[in-house]
Peer 1: 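Below: one structure in structure tokens.
Atoms within a ligand are numbered from 1 in the order they appear, just like the ligands themselves. Here the structure is a predicted model, which means the values were calculated and not measured.
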Amino acid sequence: MSCKELIAKASATHCLTRNELIFLLKDNSCSDLLFAAADDIRHRYVGDEIHLRGLIEFSNICRNNCCYCGLRRDNHNLTRYRLSQDEIFALAQHAAVNMGLKTIVLQSGEDMYFDQDKMCEIITSIKSLNVALTLSIGEKNLSEYQAYKAAGADRFLLRIETTDKDLYHRLDPGMSWQARKQCLDDLRTSGLEVGSGIMVGLPDQTIESLADDILFFKQIDADMIGIGPFIPHPDTPLKNAAGGTLELSLKVMALTRLLLPDINIPATTAMETLASDGQTKALQAGANVIMPNVTLTQYRRHYELYPGKSNTNYTPDESLKVLRDKITSINRFVAADKGFHHRTKNGKA
Ligand code: 5AD
Ligand code: SF4
């Protein structure tokens with residue numbers, strides 16, 4: 001089949017084989033067609049609304065040592081911070097009440113200070129604001145995920161990072177791919193909405209493994225998938241790596257939209273870091289979510305997963321205004337609801 005025929009097949013059936021995915025990922029002559037098809041499927045399944053999720057980066061302390069990440073524990077060039085429960089609540093309140101955001105995302109490194117009791121207290125307080133609440137705080141066990149759900153959390157983000165197990169074990173020393181997969185299974189059991197995702201352009205990551213990643217998203221029946229280019233950080237072992245490209249990241253994202261037509265897909269900050277129109281391009285190639293950062297600038301600059309991530313002097317309120325203008329300029333709308341994943345019959349394999 002030609003790439004045009006393969007894209008038409010994916011749009012109609014939401015299925016592609018591994019070889020078909022590899023073919024499309026390798027052929028760059030079809031990128032624009034692929035983006036247009038993903039934009040069309042996004043419009044048909046999840047509409048023209050864009051869901052805004054207010055991101056609070058509440059601690060940059062992490063027990064892990066991922067080779068790609070600026071927060072890794074061996075990076076001693078980073079000023080570490082941890083917000084108090086009151087500060088976290090105040091940011092959430094500002095995001096919900098003054099900025100009108102309907103979802104709050106609490107993200108941190110794997111900071112053991114925030115144990116189950118503390119997290120549940122924070123969850124309960126934020127849920128009083130009538131918002132949906134997403135956690136992105138790393139690997140926990142089933143009973144912890146169940147406790148967060150019982151306290152009122154709605155969703156959890158845990159990227160698998162790559163489905164190439166050897167690559168994962170090389171890049172995430174001391175961690176286990178199987179344990180991470182178990183976390184995703186436990187999250188599903190807990191009843192939380194499950195978000196996952198990968199980085200594109202990791203050193204030695206193959207096109208074949210990216211095809212496997214996309215099939216993995218379908219296999220775990222994800223509610224949300226975030227895809228971003230890997231951007232080398234100067235204070236990590238991967239400082240001299242090439243990094244990912246916007247085009248390949250957009251292609252992986254667009255194919256994910258074709259195969260999982262009704263899920264939520266963010267236009268990621270890493271895409272915007274590579275190009276000033278990266279998020280706009282993503283919103284026109286399958287994405288329907290944006291996560292504006294509501295962390296105060298004084299802390300935000302230390303949440304440096306990769307360089308250039310927060311090279312903005314805008315306050316969260318100013319950034320939101322810029323974002324709203326961007327959304328309007330591409331004839332899209334900011335959603336008024338909480339933006340849960342609505343499963344459609346066709347979206348199922
Ligand atoms: N470049 C791009 N994304 C990164 N992440 C961590 N480090 C980098 C980097 N250097 C992503 C990982 C992680 C998420 C919070 O940030 O995918 O899951
Ligand atoms: Fe920690 Fe997450 Fe960074 Fe790994 S990617 S070092 S777990 S913050």
Peer 1: Look at E304 together with K309 and state whether they make a salt bridge at an N to O cut-off of under 4.0 Å.
Peer 2: no
Peer 1: Does ligand 1 have a heavy atom under 4.0 Å from the side chain of H233, from its backbone, from both, or from neither?
Peer 2: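 Neither part.
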Peer 1: Salt bridge between K326 and E272, side-chain N to carboxylate O under 4.0 Å?
Peer 2: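 Salt bridge: yes.
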Peer 1: Could you go through residues 184-201 and list every donor-acceptor pair under 3.5 Å that involves a side-chain atom there, pairing it with any protein atom two or more places apart or in another chain?
Peer 2:
from, atom 1, to, atom 2, distance (Å)
D185, OD1, K181, NZ, 2.9
D185, OD2, K181, NZ, 3.1
D186, OD1, Q182, NE2, 2.9
R188, NH1, D223, OD2, 3.2
R188, NH2, D221, O, 2.4
R188, NH2, D223, OD2, 3.4
T189, OG1, D185, O, 3.0
S190, OG, L187, O, 2.6
S190, OG, L192, N, 3.2
E193, OE1, R155, NE, 3.2
E193, OE2, H341, N, 2.9
S196, OG, L158, O, 2.8
S196, OG, I160, N, 3.1

Peer 1: According to a hydrophobic-cluster definition based on side-chain heavy atoms being under 4.5 Å apart (Ile, Leu, Val, Met, Phe, Trp, Tyr only), do F340 and I50 belong together?
Peer 2: no
Peer 1: Using a 3.5 Å cut-off on N or O atoms only, is Y306 in polar contact with ligand 1?
Peer 2: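 Y306 vs ligand 1: no N/O contact under 3.5 Å.
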Peer 1: What protein heavy atom sits nearest atom 11 (C) of ligand 1, and how far away is it?
Peer 2: R159 NH1, 3.7 Å
Peer 1: Hey, which atoms in ligand 1 end up nearer than 4.0 Å to a heavy atom of P229?
Peer 2: 1 (N), 2 (C)
Peer 1: Are any of the N/O atoms in Y68 less than 3.5 Å from those in ligand 1?
Peer 2: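 Between Y68 and ligand 1 (N or O atoms, distance only) the closest approach is under 3.5 Å.
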Peer 1: Specify side chain, backbone, both or neither for C66, according to which of its non-hydrogen atoms lie closer than 4.0 Å to ligand 1.
Peer 2: neither
Peer 1: Please check this pair: side chain of K218 against backbone of T256, looking for a donor-acceptor N/O pair closer than 3.5 Å.
Peer 2: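 No.
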Peer 1: Would you mind listing every side-chain hydrogen bond (donor to acceptor under 3.5 Å, both in side chains) that reaches into residues 279-290, with sequence neighbours excluded?
Peer 2: R257-N288, N264-N288
Peer 1: Could you tell me whether D317 and K321 make a salt bridge, using a distance below 4.0 angstrom between a side-chain N and a carboxylate O?
Peer 2: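 Result for this pair is no, no salt bridge flagged.
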Peer 1: If you measure every N or O of I231 against every N or O of ligand 1, does any of those distances drop under 3.5 Å?
Peer 2: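 There is such a contact, yes.
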Peer 1: Closer than 2.8 Å to atom 1 (Fe) of ligand 2, which protein N, O or S atoms?
Peer 2: C62 SG
Peer 1: Please work out, at 4.0 Å between heavy atoms, whether the side chain, the backbone, both, or neither of A270 comes within that distance of ligand 1.
Peer 2: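 None of A270 does.
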Peer 1: Output yes when a side-chain donor or acceptor of H169 lies under 3.5 Å from a complementary backbone atom of K165, and no otherwise.
Peer 2: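 At least one qualifying donor-acceptor pair exists.
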Peer 1: Is any NZ, NE, NH1 or NH2 atom of the basic residue among E49 and R332 found under 4.0 Å from an Asp or Glu carboxylate oxygen of the other?
Peer 2: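 A salt bridge is absent here (no side-chain N lies under 4.0 Å from a carboxylate O).
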Peer 1: Verify the contact flag for atom 2 (Fe) of ligand 2, where contact means a protein heavy atom under 4.0 Å away.
Peer 2: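 Protein heavy atom within 4.0 Å of atom 2 (Fe) of ligand 2: absent.
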Peer 1: In the protein, which heavy atom is nearest to atom 16 (O) of ligand 1, and how far is it?
Peer 2: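 Protein heavy atom at minimum distance: L305 CD1, 3.6 Å.
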Peer 1: Atom 3 (N) of ligand 1: which protein heavy atom is closest, and how many Å away?
Peer 2: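 Closest protein heavy atom to atom 3 (N) of ligand 1: M199 SD, 3.4 Å.
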Peer 1: Suppose I only count heavy atoms of F230 and a 4.0 Å limit; which atoms of ligand 1 are within that range?
Peer 2: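 In order of numbering, the contacting atoms are 1 (N), 2 (C), 9 (C), 10 (N).
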Peer 1: Examine distances only and state if a side-chain atom of D111 and a backbone atom of C62 form a donor-acceptor pair shorter than 3.5 Å.
Peer 2: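 Answer holds: no.
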Peer 1: Hey, which atoms in ligand 1 end up nearer than 4.0 Å to a heavy atom of E161?
Peer 2: 12 (C), 13 (C), 17 (O), 18 (O)
Peer 1: Can you give me every donor-acceptor pair (side chain of residues 34-42, partner residue at least two apart or in another chain, under 3.5 Å) with its distance?
Peer 2:
from, atom 1, to, atom 2, distance (Å)
D39, OD1, R42, NH2, 2.8
D40, OD2, R44, NH1, 2.9
R42, NH1, G47, O, 2.8
R42, NH1, D48, OD1, 2.8

Peer 1: Should the ring pair F156 and Y148 be called parallel, tilted or perpendicular, given that the plane angle runs from 0 to 90° and is split at 30 and 60?
Peer 2: parallel
